Amino acid sequence: MKQIKSWAQYYVDLMTKLGLVRFSMFLAAAIIVLAVSIQMGVTLFLRGTIDVVDLVRSVFFGLLVTPWAVYFLSIVVDQLEDSRQRLSRMVRKLQEMRERDLELNSQLQENISRLNVQIAETNRAETLRQQAIEDLENEVFQREKAQLHLGERTALLRSFIDCSPDLVYYRNEDEQFSGCNTAMEQLTGRVEAELIGLTPFDVYKLDIANKVVETDRQVFATNEPMTYEQWLEYPDGRKAYFELRKVPFFDRFGKRLGLLGFGRDITERKQYQDKLEKASRDKTTFIATISHELRTPLNGIVGLSRMLMDTPLSPAQHQQLNTIHLSAVTLGNIFNDIIDLDKLDRRRLEIVPTPIDLPAFLDELETLSRIQAEQKGLYLHFDRDGDMPQFVMADGTRLRQVLWNLVGNAVKFTDEGGVTIRCLAHEAEAPGKLALHFEVEDTGIGIPRPQQEKIFAMYYQVEGQKHATGTGIGLAVSRQLVQSMGGQLYVDSDVGEGSCFTAELEVAWVEPVSEPESPDSGLTLDILLVEDVELNVTVACALLGKLGHEVKVARTGSEAIAMANPDDFDLILLDIQLPDMTGFDVASTLLSQYGDSLPPMVALTANVTGDRQYYLERGMQDVINKPLRSQAVRAVIAHLFADLADEEDEAASEQMQQNDLLDLGFLTDYADTVGKPVLLSSVDLFEKMMPDYMAVLDSNMIARDQAGVVEEAHKIKGAAGSIGLRRLQQLAQLIQTPDQPAWWENVEDWIESLRRAYPGDIARLRTWLQE
């Protein structure tokens with residue numbers, strides 16, 4: 001079978017190779033030859049002989065039939081071959097398709113595997129997604145819950161902030177409001193939505209906004225919180241005093257976002273402080289009044305006892321009178337402590353160094369200390385060591401007050417033994433300075449060491465000491481006095497063995513000074529004494545009469561104004577506290593009436609609440625403390641009348657005084673330029689405007705409106721300077737300069753000085769213009 005397939009294939013290949021015609025001809029010839037051969041063989045086999053006819057017939061038949069049969073067969077074979085080839089091609093295509101199907105199937109299987117993997121991953125991702133969705137839903141739930149809780153807390157916090165009476169606000173780096181509470185809305189008159197994006201300059205007045213922005217920038221510059229106080233104004237014009245605190249705030253990355261501000265209305269506290277200050281002023285007035293009332297009889301005792309000691313007395317009488325005098329002086333020292341306590345409380349204590357005779361000062365201290373010690377049966381040792389000059393520069397009154405306090409305490413707390421006072425002097429390290437070292441040592445009860453520093457506190461007394469009587473302010477005042485003089489005061493003590501108080505300070509050397517010739521030698525003055533207390537009148541008249549002066553007395557301010565004719569008197573001694581008005585009122589009235597023709601006025605006071613300049617600014621030429629001492633009266637008269645005969649010196653002195661009050665150079669040039677009538681009209685206008693200026697100034701002081709005070713003082717300074725009132729201009733300059741040390745503590749006094757000085761200065765200016 002396989003051989004037949006091979007021959008068939010060979011047949012087809014040969015036909016393909018030779019072509020259909022050639023192959024047909026070749027096949028026909030082969031068939032004819034085969035047919036002839038077969039027929040010849042059969043004939044030969046059957047008959048044994050072959051005829052030509054048989055041969056021709058075979059050939060002819062073969063030629064006739066064979067080509068058609070061959071051609072037909074060849075056509076059939078060719079078609080079959082063509083079919084076979086198409087079939088082969090188809091088979092090959094099918095094979096290729098099968099191979100592609102196999103490849104596609106393989107790819108499909110691979111894709112199916114991958115798809116299965118993807119499906120598995122998708123299922124796994126879906127599982128994870130479902131888990132994530134569940135977690136997300138849980139997180140969203142938790143967040144919604146937290147957001148709700150946060151919203152509740154935010155609303156609660158906002159309610160707290162809005163209900164707070166304190167200001168709460170936020171400003172960004174550009175100084176723009178970012179939010180605020182209800183209190184801030186009420187202050188600004190704008191709701192929060194309107195405030196956002198505005199700057200302080202859009203919300204406040206210019207002066208307030210400048211302060212707000214200035215403090216904002218300080219906070220931004222230092223990144224530190226800041227607290228300060230400021231007046232703010234509500235839309236209705238009501239002012240409130242706020243304590244403001246500003247704090248920078250940052251995000252979680254440390255970037256500064258702006259500042260957070262808080263403001264507390266402390267107007268009531270401010271009013272309370274003002275009441276306390278008024279109470280302090282009332283206390284000062286009370287102290288001055290009670291001191292005056294107590295000193296009135298005391299001055300009589302001191303003055304009359306001093307005068308009696310100059311009369312012939314027996315030794316016993318002299319001793320007794322000396323004791324009276326010492327007791328009165330000691331009581332006066334207690335008054336000094338009270339007055340100095342008030343001054344220390346108001347920071348107005350002033351140390352006034354003057355040349356003092358050191359040996360005479362020590363002699364006086366020894367004499368008074370010995371009298372005190374002998375009265376109690378104690379001994380007194382007074383030692384001096386070192387090179388002591390004749391004169392030193394120190395505040396003798398304050399130093400005497402300190403040492404008398406120490407000696408008085410030493411005698412008070414010593415029952416047996418005595419007191420030792422040492423004064424050591426040596427050259428200090430600073431050139432021209434002398435170091436003074438005072439020790440007051442006693443054999444008294446002593447002070448426990450834990451309490452040795454406490455005794456210098458105000459009103460402190462050592463517990464358990466039966467002798468600890470008194471005010472408890474002496475040592476406190478003494479230490480502050482010594483410290484004010486640049487020294488120090490300390491104590492060393494053991495219980496039962498006594499105490500030693502040491503005061504150390506440095507003073508300046510001064511050349512020996514000679515006592516000036518008594519200016520009242522051969523000089524008799526007509527003096528108007530303005531005093532309401534009979535005892536003081538008696539003492540003063542006796543003292544002044546002894547010095548050779550003629551005295552007339554006015555007992556009220558109105559009586560003094562009526563009597564004070566400049567042609568009748570050379571000097572006016574003016575008590576400050578009178579029944580109907582103050583001595584300052586009297587001085588102001590007299591100055592407005594008589595101007596420079598008024599004789600010198602000297603204040604008499606038992607309580608010097610200010611320094612000497614305080615009285616000079618109020619029209620006085622000098623001041624004398626009560627009780628009157630002949631030395632003090634001589635010194636003042638010497639100061640005022642020593643150059644009475646020297647007209648040139650008097651004119652120069654008057655010119656200097658005028659220069660202190662008036663700007664004479666400016667006034668001369670102004671008067672020459674515009675004429676005196678124009679200048680006088682300006683003076684009249686200024687005098688007319690001053691009450692209004694002072695009223696506004698007083699109202700701003702009541703409101704504690706510093707800016708208002710400064711603004712009004714600036715107006716007064718400009719107005720006073722425009723007409724040459726130098727002293728008023730300088731006072732207004734002080735009032736308008738809040739950078740001055742202790743400005744608030746002093747501005748009220750400066751305003752009062754301005755109020756009292758301007759009538760007299762205007763009168764002096766008019767007098768100068770008339771001349």
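The residues of the chain are indexed from 1 along the displayed sequence. None of the values given here were measured: they were computed from a predicted structure.
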Let me confirm one number: the [atom1]-[atom2] distance from [X] to [Y], rounded to the nearest 0.5 Å.
| X | Y | atom1 | atom2 | answer |
| --- | --- | --- | --- | --- |
| W768 | L679 | CH2 | CG | 7.0 Å |
| R764 | L598 | CZ | CG | 8.5 Å |
| Q230 | I266 | CD | CD1 | 11.5 Å |
| L685 | L680 | CG | CG | 12.5 Å |
| Q483 | Q480 | CD | CD | 6.5 Å |
| I208 | E233 | CD1 | CD | 5.5 Å |

- Query: side chain to side chain contact (heavy atoms under 4.5 Å, CB included) between R726 and L662: does it pass, once the steps are laid out?
  - Reply: CA-CA 5 Å; R726 173 177 287 168; L662 308 175; 5.7 Å; no

- Message: If you count every heavy atom of other residues, nucleotides or ligands that lies below 6.0 Å from R264 atom CZ, does the total exceed 12?
- Response: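 No, CZ of R264 has 12 or fewer neighbouring heavy atoms, counting only those of other groups under 6.0 Å.
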
For [X] and [Y], does a side-chain donor sit closer than 3.5 Å to a side-chain acceptor?
| X | Y | answer |
| --- | --- | --- |
| D202 | T199 | yes |
| Q593 | T589 | no |
| Y693 | E712 | no |
| D585 | T582 | yes |

Under a 4.5 Å cut-off applied to non-hydrogen side-chain atoms, are [X] and [Y] in contact?
| X | Y | value |
| --- | --- | --- |
| F686 | L725 | yes |
| L573 | L544 | yes |
| S478 | W404 | no |
| L481 | N405 | no |
| L697 | M694 | yes |
| I716 | L728 | no |
| V212 | V203 | no |
| Y758 | L731 | no |

For [X], enumerate each residue passing the side-chain contact (heavy atoms from CB on, under 4.5 Å) test, keeping only those at least two apart in sequence or located in another chain.
| X | value |
| --- | --- |
| T227 | E243, R245 |
| A554 | L528, V530, E559, A560, M563 |
| P165 | none |
| D265 | A240, F242, T267 |

- Message: Evaluate W750 against Q733 for side chain to side chain contact (heavy atoms under 4.5 Å, CB included), listing each step before the verdict.
- Response: CA-CA 10 Å; W750 294 332; Q733 175 65 36; over 6 Å; no

If every non-hydrogen atom of [X] is compared with every non-hydrogen atom of [Y], which pair is closest and at what distance?
| X | Y | answer |
| --- | --- | --- |
| I576 | M620 | CD1-CE, 4.1 Å |
| P600 | L640 | CB-CD1, 3.9 Å |
| Y234 | Q186 | CD2-O, 3.5 Å |
| T556 | L578 | C-CD1, 4.4 Å |
| P200 | A209 | O-CB, 3.6 Å |
| D216 | K246 | OD1-NZ, 2.6 Å |

Restricting to salt bridge (charged side-chain N to carboxylate O under 4.0 Å, His left out), what partner residues turn up for [X], sequence neighbours left out?
| X | value |
| --- | --- |
| E214 | none |
| R618 | none |
| D570 | none |
| D568 | none |

Applying side chain to side chain donor-acceptor pair (under 3.5 Å), name anything that partners [X], two or more places apart in sequence or on another chain.
| X | value |
| --- | --- |
| N210 | none |
| D580 | S558 |
| K715 | none |

Would the distance check show the side chain of [X] and the main-chain N or O of [Y] forming a donor-acceptor pair, the cut-off being under 3.5 Å?
| X | Y | answer |
| --- | --- | --- |
| R479 | L489 | yes |
| K676 | L769 | yes |
| T215 | K211 | yes |

- Taking 4.0 angstrom as the limit, do R555 and D575 come out as a salt bridge? no

- Query: Does the side chain to side chain contact (heavy atoms under 4.5 Å, CB included) test come out yes or no for I572 and V586, once each step is laid out?
  - Reply: CA-CA 11 Å; I572 299 176; V586 175; over 6 Å; no

- Test side chain to side chain contact (heavy atoms under 4.5 Å, CB included) on V747 and M701 and set out the steps. CA-CA 9 Å; V747 67; M701 279 299 298; 3.8 Å; yes

- Message: Which residues pass the ring-ring contact (aromatic ring centres under 6.0 Å, His included) test with F569, not counting sequence neighbours?
- Response: none

